[in-house]
Amino acid sequence: MRRPGPIEYEVYIIGVDTDKCEACGECVFVCPTSVWELKDGVAVAVSPEACLGCMGCVGVCPVSAITITEI
Ligand code: SF4
Ligand code: SF4
């Protein structure tokens, strides 16, 4: 039986500056794994474990409110 090799997991810490967020929804639209939702006028990372670290949300945010940190 084939034994699996090492499996690497990448985990990201997602931060959003709620003072900066303008609830434009760009991060919600661009995220390929539906990490983001808009709630009460700010972006909320509702599924942070699904983050792929693609940095798409960081790139589209017009006010640089999002930080993604690999741990
Ligand atoms: S880095 Fe990519 S996968 Fe992670 S929350 Fe942003 S858009 Fe989604
Ligand atoms: S892209 Fe930036 S400003 Fe727009 S909803 Fe997301 S965090 Fe807020």
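Position 1 is the first residue of the sequence, and the numbers go up from there. Order of appearance sets the numbers: ligands from 1, and atoms from 1 within every ligand.
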Taking 4.0 angstrom as the limit and counting only heavy atoms of Glu22, give me the atoms of ligand 2 inside it, by number and element. 3 (S), 8 (Fe)
Roughly how far, to the nearest 0.5 Å, is CD of Glu10 from CG of Leu52? 9.5 Å
Does Val63 belong to the same Ile/Leu/Val/Met/Phe/Trp/Tyr cluster as Val42, with side-chain heavy atoms less than 4.5 Å apart forming each link? no
Can you name the closest pair of heavy atoms from Val16 and Cys21 and give their distance? CG2-CB, 4.5 Å
Starting from atom 5 (S) of ligand 1, what is the nearest protein heavy atom, named by residue and atom, and what distance separates them? Trp36 NE1, 3.3 Å
Atoms of ligand 1 close to Met55 [distance to a heavy atom under 4.0 angstrom, numbered from 1]: 1 (S), 2 (Fe)
Number the atoms of ligand 2 from 1 as they appear, then name those within less than 4.0 Å of a heavy atom of Ala23, with their elements. 5 (S), 8 (Fe)
Using the rule that Ile, Leu, Val, Met, Phe, Trp and Tyr join whenever any side-chain heavy atoms are under 4.5 Å apart, tell me whether Val60 and Ile14 fall into a single cluster. no
Please list, in number order, the atoms of ligand 2 under 4.0 Å from a heavy atom of Ala43. 5 (S), 6 (Fe), 7 (S)
Please tell me whether Tyr12 and Val46 are part of a single hydrophobic cluster in this structure, the criterion being side-chain heavy atoms less than 4.5 Å apart. no
Between Val28 and Glu37, does the side chain to side chain contact (heavy atoms under 4.5 Å, CB included) criterion hold? Intermediate values first, please. CA-CA 6 Å; Val28 179; Glu37 286 182 13; 5.5 Å; no
Which heavy atom in Ala65 sits nearest to a heavy atom in Lys20, and how many Å separate them? CB-CB, 3.9 Å
Show, in sequence, the C-alpha distance, side-chain angles and deciding distance for Cys27 and Ile66, and conclude whether the side chain to side chain contact (heavy atoms under 4.5 Å, CB included) test is met. CA-CA 9 Å; Cys27 55; Ile66 299 172; 3.7 Å; yes
Report, in ascending order of atom number, the atoms of ligand 1 lying under 4.0 Å from any heavy atom of Leu52. 3 (S), 4 (Fe)
Going by the order shown, which atoms of ligand 2 are within less than 4.0 Å of some heavy atom of Cys61? 1 (S), 2 (Fe), 3 (S), 7 (S)
Looking at ligand 2, is there an atom of it that comes within less than 4.0 Å of some heavy atom belonging to Val60? no
Show which atoms of ligand 1 fall inside a sub-4.0 Å distance from at least one heavy-atom site of Val35. 5 (S)
Is the contact between Ile66 and ligand 2 made by the side chain, the backbone, both, or neither, using heavy atoms and a 4.0 Å cut-off? side chain
Under 4.5 Å between side-chain heavy atoms, counting indirect links through other Ile/Leu/Val/Met/Phe/Trp/Tyr residues: same cluster for Val44 and Val30 or not? no
Is Cys24 close enough to atom 4 (Fe) of ligand 2 that one of its N, O or S atoms comes in under 2.8 Å? yes
Please work out, at 4.0 Å between heavy atoms, whether the side chain, the backbone, both, or neither of Tyr12 comes within that distance of ligand 1. neither
Atom pair CH2 (Trp36) and SG (Cys31), whose distance is rounded to the nearest 0.5 Å: 8.5 Å
What atoms of ligand 1 come closer than 4.0 angstrom to any heavy atom of Cys31? 3 (S), 5 (S), 7 (S), 8 (Fe)
Contacting atoms of ligand 1, where contact means under 4.0 angstrom from a heavy atom of Cys57: 1 (S), 5 (S), 6 (Fe), 7 (S)
Atom SG of Cys24 and atom CZ of Phe29: how far apart are they, to the nearest 0.5 Å? 11.5 Å
Show your reasoning for whether side chain to side chain contact (heavy atoms under 4.5 Å, CB included) applies to Thr67 and Val58. CA-CA 7 Å; Thr67 54; Val58 175; over 6 Å; no
Numbered atoms of ligand 2 (with element) below 4.0 Å of Val63, judged on heavy atoms: 3 (S)
Closest non-hydrogen protein atom to atom 4 (Fe) of ligand 1, residue and atom name please, with distance? Cys51 SG, 2.4 Å
Strictly under 2.8 Å, is atom 8 (Fe) of ligand 2 approached by any N, O or S atom of Cys21? yes
Residue, atom and distance of the protein heavy atom nearest atom 2 (Fe) of ligand 1 read Cys54 SG, 2.2 Å
Identify the protein heavy atom lying closest to atom 6 (Fe) of ligand 2, giving its residue, its atom name and the separation to 0.1 Å. Cys27 SG, 2.4 Å
As an exercise, identify every atom of ligand 1 less than 4.0 angstrom from a heavy atom of Thr33. 3 (S)
